[in-house]
Trainee: 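Pasting a structure here, questions to come.
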Amino acid sequence: MLKLGIIGWRGMVGQVLMERMTHESDFSHFETHFFSTSQKGEKNPFTIANSNPILQDAYDIETVKKMDIILTCQGGDYTKKVHSELRASGFIGYWIDAASTLRMEDKATIILDPINKNGIQSALKNNQLDFVGGNCTVSLMMLALGGLFKSDSIEWITSMTYQAASGAGARHMNELLGQMKFVTDRVIKPGIDQSSDILQVEKTVKNLLSDPQFPKDHFGHPIAFNLLPWIDSELPNGQSKEEWKAAAEANKILQSKTFIPIDGTCVRVSAMRCHSQALTIKLKKDIPLNEIESMISEHNPWVELVANNKESSLKKLTPEYASGSLKIPVGRIRKMNLGPTYLNAFTVGDQLLWGAAEPLRRMLHIILEK
Ligand code: NAP
């Protein structure tokens, strides 16, 4: 049995990964060792057959090196600290990672097997060992538009995103709740009549968002009752790093012969879970709408085509609908007034499932099939 080391199981992605692996009986194929950066020596909290009962030290290279496969969702700082030292120490196992650190390295393959299973398999044949999940928003967009990418119908895309608080991690998700509580505790209480003086309530909420006690250690700004139109670091060309990832990663996943430009604005919103995106797709030629819909819906079993009407859109094109599910709803599909080759679409997907945990656990099976 292959020895599988799991790091980062306590975080947002890690918890979802554990749920999915348990549900799919993935652990039955491995001898599993759980690692921690903060709880080494404590009892492994899971009841999983063939697992080491004690949490191992995620920074102990000699112990990590004994694994055949490392699956980490601990984050980029951990990857930066450990990956090169581990390889330098002679580790020749597989490294499967949710963090972006290694994604654009030549030796790493971005994994999204419904789109690039052939690429993953040839990387394995070429003895590549580093496999990295794509950026959550990019993976969700690619699954949603898989049929259009496959038929080489896309000239360029703009993507305007609405990304959930949980995309930034467990602490940020807790902070969103804390911010909401901070405001509602002070506004919804006896003696304040919200219905009769709603503009005064709005002023009170605005003042509370800049109160020195307002909790914002992680986001740095209010995300509750607000939105934040910048995600990740600043690049010299005015893009955010999150915006840059769309074209860079999508074209790497597709191994594109002709680069497909993808650009837009990435925005953090106060949804708890699921990333949504509004897409403008420039088609290479005028394709009838029914053919476009067939291409999209037939590409993979997770896409759910949502009729372009108000009721279906409000019911199914929402974080509320997609949360906790592998479904990728795609809707608002229509030709834009800009011209017959300009397509509008809106899609939403669970960034912790297809955007993070699912490609990682599926990679384990691709390795087993090798
Ligand atoms: P996270 O929730 O912040 O968890 C990362 C680590 O933080 C945990 O493994 C845990 O490590 C530690 N931690 C500290 N305080 C915690 C708390 N209160 N609750 C849980 N864990 C806590 O990070 P994440 O969102 O899962 O992201 C992990 C990696 O996946 C990152 O590289 C991220 O960029 C990437 N990713 C995230 C998403 C997403 O939607 N969140 C999507 C795609 C990719 P110890 O147990 O060792 O202390």
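Hydrogens, waters and symmetry mates play no part in the numbers below; they use all other heavy atoms, side chains included.
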Trainee: Within a radius of less than 6.0 Å around CG of N290, do more than 12 heavy atoms belonging to other residues, nucleotides or ligands occur?
Mentor: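 Yes, CG of N290 has more than 12 neighbouring heavy atoms, counting only those of other groups under 6.0 Å.
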Trainee: What I'd like to find out is whether the side chain of N344 reaches to under 4.5 Å of the side chain of L279, using heavy atoms alone.
Mentor: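 In short, these two side chains do not touch, never coming nearer than 4.5 Å.
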Trainee: Give a yes or no on whether a salt bridge exists between K245 and D232, defined as a side-chain N under 4.0 angstrom from a carboxylate O.
Mentor: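 Yes.
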Trainee: Could you tell me the separation between the OH atom of Y342 and the OG1 atom of T280, rounded to the nearest 0.5 Å?
Mentor: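 Rounded to the nearest 0.5 Å, the OH-OG1 separation comes to 10.0 Å.
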Trainee: Distance alone, cut at 3.5 Å: any donor-acceptor contact between the side chains of D130 and H83?
Mentor: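 Yes - a donor-acceptor pair under 3.5 Å links their side chains.
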Trainee: Given L352, which partner from the list E19, E358, R20, R273 fulfils the side chain to side chain contact (heavy atoms under 4.5 Å, CB included) test?
Mentor: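 For L352, the side chain to side chain contact (heavy atoms under 4.5 Å, CB included) test succeeds with only one of E19, E358, R20, R273, which is R273.
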Trainee: Check step by step if side chain to side chain donor-acceptor pair (under 3.5 Å) holds for Y321 and E304.
Mentor: CA-CA 11 Å; Y321 180 75; E304 182 176 347; 2.9 Å; yes
Trainee: Given 3.5 Å as the limit, does a donor-acceptor pair link the side chain of R361 with the main chain of A357, or not?
Mentor: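 Looks like no, no N/O pair under 3.5 Å.
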Trainee: Measure the spacing between CG of L208 and OG1 of T204 and express it to the nearest 0.5 Å.
Mentor: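 Taking CG in L208 and OG1 in T204, the distance rounds to 6.5 Å.
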Trainee: Report, one line per pair, each donor and acceptor closer than 3.5 Å where one atom sits in a side chain of residues 113-126; sequence neighbours left out.
Mentor:
| residue | atom | partner | partner atom | Å |
| --- | --- | --- | --- | --- |
| D113 | OD1 | R362 | NE | 3.2 |
| D113 | OD1 | R362 | NH2 | 2.7 |
| D113 | OD2 | R362 | NE | 2.9 |
| N116 | OD1 | L112 | N | 3.1 |
| N116 | ND2 | I110 | O | 2.7 |
| K117 | NZ | E369 | OE1 | 3.4 |
| S122 | OG | N118 | O | 3.1 |
| S122 | OG | G119 | O | 3.3 |
| N126 | ND2 | S122 | O | 3.2 |

Trainee: In the single-linkage hydrophobic clustering (I, L, V, M, F, W, Y; side-chain heavy atoms under 4.5 Å), do M21 and I48 co-cluster?
Mentor: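 Same hydrophobic cluster.
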Trainee: In terms of relative ring orientation, are H218 and H172 parallel, tilted or perpendicular, with 30° and 60° separating the classes?
Mentor: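 Taking H172 first and then H218, their aromatic rings sit tilted (interplane angle of 30° to 60°).
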Trainee: For R332 and N308, test the side chains for any donor-to-acceptor distance below 3.5 angstrom and give the result as yes or no.
Mentor: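 A pair is found: one side chain offers a donor N or O, the other an acceptor, under 3.5 Å apart.
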Trainee: Does A108 offer a backbone N or O that forms a donor-acceptor pair with the side chain of R103 under 3.5 Å?
Mentor: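 Looks like no, no N/O pair under 3.5 Å.
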Trainee: Does the side chain of L343 come within less than 4.5 Å of R334's, by heavy atoms?
Mentor: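 No, every pair of side-chain atoms sits at 4.5 Å or beyond.
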Trainee: Would a distance-only check, ignoring hydrogens and angles, find a side-chain to backbone donor-acceptor pair under 3.5 Å from D68 to G93?
Mentor: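 No; judged by distance alone, with no hydrogens or angles, the pair does not exist.
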Trainee: Quick one: are L140 and Q351 in side-chain contact, heavy atoms under 4.5 Å?
Mentor: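 Side chain of L140 against side chain of Q351, heavy atoms only: contact under 4.5 Å found.
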Trainee: When you look at CD of Q200, are more than 12 heavy atoms from neighbouring residues, nucleotides or ligands closer to it than 6.0 Å?
Mentor: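 Above 12, so yes.
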Trainee: Give a yes-or-no answer on whether the side chains of S312 and N309 include a donor-acceptor pair shorter than 3.5 Å.
Mentor: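 There is such a pair between these side chains.
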Trainee: Can you tell if the side chain of F214 reaches within under 4.5 Å of the side chain of L209, non-hydrogen atoms only?
Mentor: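 They are in side-chain contact.
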Trainee: Rounded to the nearest 0.5 Å, how far apart are OG1 of T184 and NZ of K189?
Mentor: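 One finds 11.0 Å between OG1 of T184 and NZ of K189.
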Trainee: Going through the distances and angles, do K252 and E249 end up as a salt bridge (Lys or Arg N to Asp or Glu O under 4.0 Å)?
Mentor: CA-CA 5 Å; K252 182 169 179 179; E249 291 190 18; over 6 Å; no
Trainee: Could you pull out all residues at least two apart from D263 that satisfy salt bridge (charged side-chain N to carboxylate O under 4.0 Å, His left out)?
Mentor: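 Not a single residue meets the salt bridge (charged side-chain N to carboxylate O under 4.0 Å, His left out) criterion with D263.
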Trainee: What's the shortest heavy-atom distance between A224 and S270, and which atoms?
Mentor: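 So the minimum-distance heavy-atom pair works out to CA-CB, 4.4 Å.
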Trainee: Same cluster or not: are M336 and I154 linked, directly or through other Ile, Leu, Val, Met, Phe, Trp or Tyr residues, by side-chain heavy atoms under 4.5 angstrom apart?
Mentor: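 Different hydrophobic clusters.
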Trainee: Hey, does the side chain of K335 reach the backbone of I287 with a donor-acceptor pair shorter than 3.5 angstrom?
Mentor: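 Such a contact is found between K335 side chain and I287 backbone.
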Trainee: Hey, could you give me the CE/CD1 distance between M180 and I223, rounded to the nearest 0.5 Å?
Mentor: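 M180 atom CE to I223 atom CD1 measures 8.5 Å (nearest 0.5 Å).
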Trainee: Please indicate whether K284 has more than 12 foreign heavy atoms, meaning atoms of other residues, nucleotides or ligands, lying under 6.0 Å from its NZ.
Mentor: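 Yes, because the 6.0 Å sphere around NZ of K284 holds more than 12 heavy atoms from other groups.
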Trainee: Without hydrogens or angle criteria, can the side chains of T161 and S159 be said to hold a donor-acceptor pair below 3.5 Å?
Mentor: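 Their side chains do not contain a donor-acceptor pair, so the 3.5 Å distance test is not met.
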Trainee: Could you tabulate the donor-acceptor pairs under 3.5 Å formed by side-chain atoms of residues 1-18, not counting sequence neighbours?
Mentor:
| residue | atom | partner | partner atom | Å |
| --- | --- | --- | --- | --- |
| W9 | NE1 | F35 | O | 2.7 |
| Q15 | NE2 | R10 | O | 2.9 |

Trainee: Just wondering, do L177 and M272 contact through their side chains at under 4.5 Å, heavy atoms?
Mentor: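 Sidechains of L177 and M272: in contact.
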Trainee: Heavy atoms only: give me the nearest G76-T101 pair and the separation to one decimal.
Mentor: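 For G76 versus T101, the nearest heavy atoms are CA-OG1, 3.2 Å.
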Trainee: Roughly how far, to the nearest 0.5 Å, is CE of M142 from OG1 of T137?
Mentor: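 Between T137 OG1 and M142 CE, I get 13.0 Å after rounding to 0.5 Å.
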Trainee: Check whether more than 12 heavy atoms from other residues, nucleotides or ligands sit under 6.0 Å from atom CG of N237, and answer yes or no.
Mentor: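 Yes - once you tally the heavy atoms of other residues, nucleotides and ligands closer than 6.0 Å, there are more than 12.
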Trainee: Return the OG to CG distance between S36 and L55, rounded to the nearest 0.5 Å.
Mentor: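 The OG atom of S36 sits 6.0 Å away from the CG atom of L55.
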Trainee: Which other residues end up in the same hydrophobic cluster as F259, if Ile, Leu, Val, Met, Phe, Trp and Tyr are linked when side-chain heavy atoms come under 4.5 Å apart?
Mentor: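 Its cluster partners, ordered by chain and number, are none at all.
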Trainee: For the residue pair K282 and T341, confirm or rule out a side-chain donor-acceptor distance under 3.5 Å.
Mentor: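 On atom types as modelled, these side chains qualify, holding a pair under 3.5 Å.
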Trainee: So, Q74 versus T79: side-chain donor-acceptor pair below 3.5 Å or not?
Mentor: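 The answer is no; no qualifying pair exists.
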Trainee: Please verify the inter-ring angle class for Y59 with Y78; under 30° counts as parallel, over 60° as perpendicular, anything in between as tilted.
Mentor: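 Geometry flag for Y78 against Y59: tilted rings.
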Trainee: Is the shortest side-chain heavy-atom distance between S276 and F346 below 4.5 Å?
Mentor: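 S276 reaches F346 side chain to side chain.
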Trainee: Ignoring hydrogens and angles, state whether a donor on the side chain of D26 or H365 is under 3.5 Å from an acceptor on the partner side chain.
Mentor: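 Yes, because at least one side-chain N or O of D26 sits under 3.5 Å from a partner of the opposite role on H365.
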Trainee: Got a sec, which residues hit salt bridge (charged side-chain N to carboxylate O under 4.0 Å, His left out) with D77, two or more places apart in sequence or on another chain?
Mentor: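 For D77, no residue satisfies salt bridge (charged side-chain N to carboxylate O under 4.0 Å, His left out) once neighbours in sequence are set aside.
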Trainee: Considering residues at least two apart in sequence or located in another chain, which fulfil the side-chain contact (heavy atoms from CB on, under 4.5 Å) criterion with P301?
Mentor: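 Testing P301 for side-chain contact (heavy atoms from CB on, under 4.5 Å), a comparison that skips the adjacent residues, returns none.
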Trainee: What I want to find out is whether D57 reaches K40 closely enough, with some N-O distance under 4.0 Å, to be called a salt bridge.
Mentor: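 A salt bridge links D57 with K40.
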Trainee: Side chains of Q163 and E242: is there a donor and an acceptor less than 3.5 Å apart?
Mentor: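 Checked: Q163/E242 side chains pair up, N/O donor to acceptor below 3.5 Å.
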Trainee: In this structure, would L228 and L235 fall into the same cluster of hydrophobic residues linked by side-chain contacts under 4.5 Å?
Mentor: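 Same cluster: L228 reaches L235 through Ile, Leu, Val, Met, Phe, Trp or Tyr contacts under 4.5 Å.
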Trainee: Is the shortest side-chain heavy-atom distance between V82 and I61 below 4.5 Å?
Mentor: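 V82 vs I61: side chains touch.
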Trainee: Is atom CD1 of I188 surrounded by more than 12 heavy atoms (other residues, nucleotides or ligands) closer than 6.0 Å?
Mentor: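 Buried by this count: over 12 neighbours within 6.0 Å.
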Trainee: Should I70 and F30 be counted in the same cluster of Ile, Leu, Val, Met, Phe, Trp and Tyr side chains packed under 4.5 Å apart?
Mentor: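 As far as the 4.5 Å side-chain criterion goes, F30 and I70 are not connected within one cluster.
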Trainee: Does a salt bridge link K65 with D60, judged by any charged N lying under 4.0 Å from a carboxylate O?
Mentor: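 Salt bridge absent between K65 and D60.
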Trainee: Whether the side chain of Q179 engages the backbone of P215 through a donor-acceptor N/O pair (distance < 3.5 Å, no angle test) should be reported.
Mentor: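 Side chain of Q179 to backbone of P215: a pair is present.
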Trainee: Would I281 and I260 show up in the same hydrophobic cluster when neighbours are defined by side-chain heavy atoms closer than 4.5 Å?
Mentor: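 In one cluster with I281: I260, yes.
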Trainee: Does E243 use its side chain to pair, donor to acceptor, with the backbone of C266 at less than 3.5 Å?
Mentor: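 The answer is yes, because a donor-acceptor pair under 3.5 Å joins these two groups.
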Trainee: Do L360 and D97 have side-chain heavy atoms sitting under 4.5 Å apart?
Mentor: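 Not touching, per the 4.5 Å side-chain cut-off.
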Trainee: Does a sphere of radius 6.0 Å around CD in E320 hold more than 12 heavy atoms from other residues, nucleotides or ligands, not counting ones at 6.0 Å or beyond?
Mentor: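 Counting neighbours around CD of E320, 12 or fewer heavy atoms of other residues, nucleotides or ligands fall under 6.0 Å, so no.
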Trainee: Judged by atom type as modelled, is there a donor-acceptor pair below 3.5 Å linking the side chain of H275 to the main-chain atoms of A164?
Mentor: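 Here the side-chain-to-backbone pair exists.
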